[in-house]
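For clarity, every value in this text was computed on a predicted model and none was experimentally measured.
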Amino acid sequence: MAQAAPASGGTARQTRTPDVFGERTHTAAKWAAPVLMGLVYGYWAAANRRHGGEITGWNLLFGFVTAFAFMVLYVAVRALAPRMKRERHALTWFAFTGCAAGFLHNQSGQTVLWSAAVGLIVGASFFAVLFYRYYTHEDAAGRRVG
């Protein structure tokens with residue numbers, strides 16, 4: 001098999017991936033993502049709550065209030081969590097995702113205890129994955145590497 005020859009000088013040069021989108025696109029995506037996720041979450045919660053029945057005005061109101069609350073909390077967690085140490089950072093996402101999943105599950109008519117268990121399972125999964133990611137991408141002082 002053929003191997004790639006090293007570049008002249010003997011060391012490989014690391015380059016960053018080019019940023020295809022401009023600053024304006026990143027700013028728009030920064031605000032469009034929470035809005036879209038909030039609308040999907042609100043629709044999902046309203047659909048769970050009505051159990052396949054007809055859409056009413058109260059159901060629409062519930063969906064939009066839920067969407068707004070999700071958006072506000074998501075933006076707050078996304079803004080505050082990166083300033084925390086890795087343990088609290090992962091714990092913040094654990095609380096947010098666990099509560100969001102438990103609330104959605106509760107709207108389908110399940111008991112509060114079963115919904116809390118689902119929220120704990122989902123949140124613990126997020127905690128484990130994110131803690132590992134933050135632990136492997138930070139130095140001992142908590143500063144991001146790379």
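- Put simply, the side chain of W31 does not reach to within 4.5 Å of the side chain of V35, judged on heavy atoms.
- Linking ILVMFWY residues whenever their side-chain heavy atoms come closer than 4.5 Å, directly or via other members, leaves V75 and M37 in distinct clusters.
- Tracing side-chain contacts under 4.5 Å through hydrophobic residues (I, L, V, M, F, W, Y), one never reaches L104 starting from Y43; they form parts of separate clusters.
- Within the 4.5 Å cutoff, the side chain of W93 has no heavy atoms near those of the F131 side chain.
- Among K85, H89, R86, the one residue that satisfies the side-chain hydrogen bond (donor to acceptor under 3.5 Å, both in side chains) test with Y134 is H89.
- At a threshold of 4.5 Å between non-hydrogen side-chain atoms, the residues L80 and T92 do not count as touching.
- Residues that satisfy the side chain to side chain donor-acceptor pair (under 3.5 Å) test with H26, not counting sequence neighbours, are D19.
- If you chain together hydrophobic residues whose side chains sit under 4.5 Å apart, Y74 and V77 fall into the same group.
- Atoms CZ and CZ, from R49 and F62 in turn, are 4.5 Å apart once rounded to the nearest 0.5 Å.
- Among residues two or more places apart in sequence or in another chain, the side-chain contact (heavy atoms from CB on, under 4.5 Å) test is passed with L73 by F96.
- Across every non-hydrogen atom of P34 and A29, the tightest pair is CD-O, 4.4 Å.
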**Request:** Could you go through the side-chain contact (heavy atoms from CB on, under 4.5 Å) check for L120 and F94 one step at a time?
**Result:** CA-CA 8 Å; L120 283 173; F94 159 76; 4.0 Å; yes
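- Using a 4.5 Å cut-off on side-chain heavy atoms (C-beta onward), N59 and F64 make no contact.
- For Y41, the ring-ring contact (aromatic ring centres under 6.0 Å, His included) test picks out F70, with sequence neighbours left out.
- With a 4.5 Å cut-off on side-chain heavy atoms, Q107 and S115 do not count as touching.
- Nearest heavy atoms, G109 versus H51: N-CE1, 3.9 Å.
- Here the closest non-hydrogen pair linking A45 and F103 is CB-CE2, 4.2 Å.
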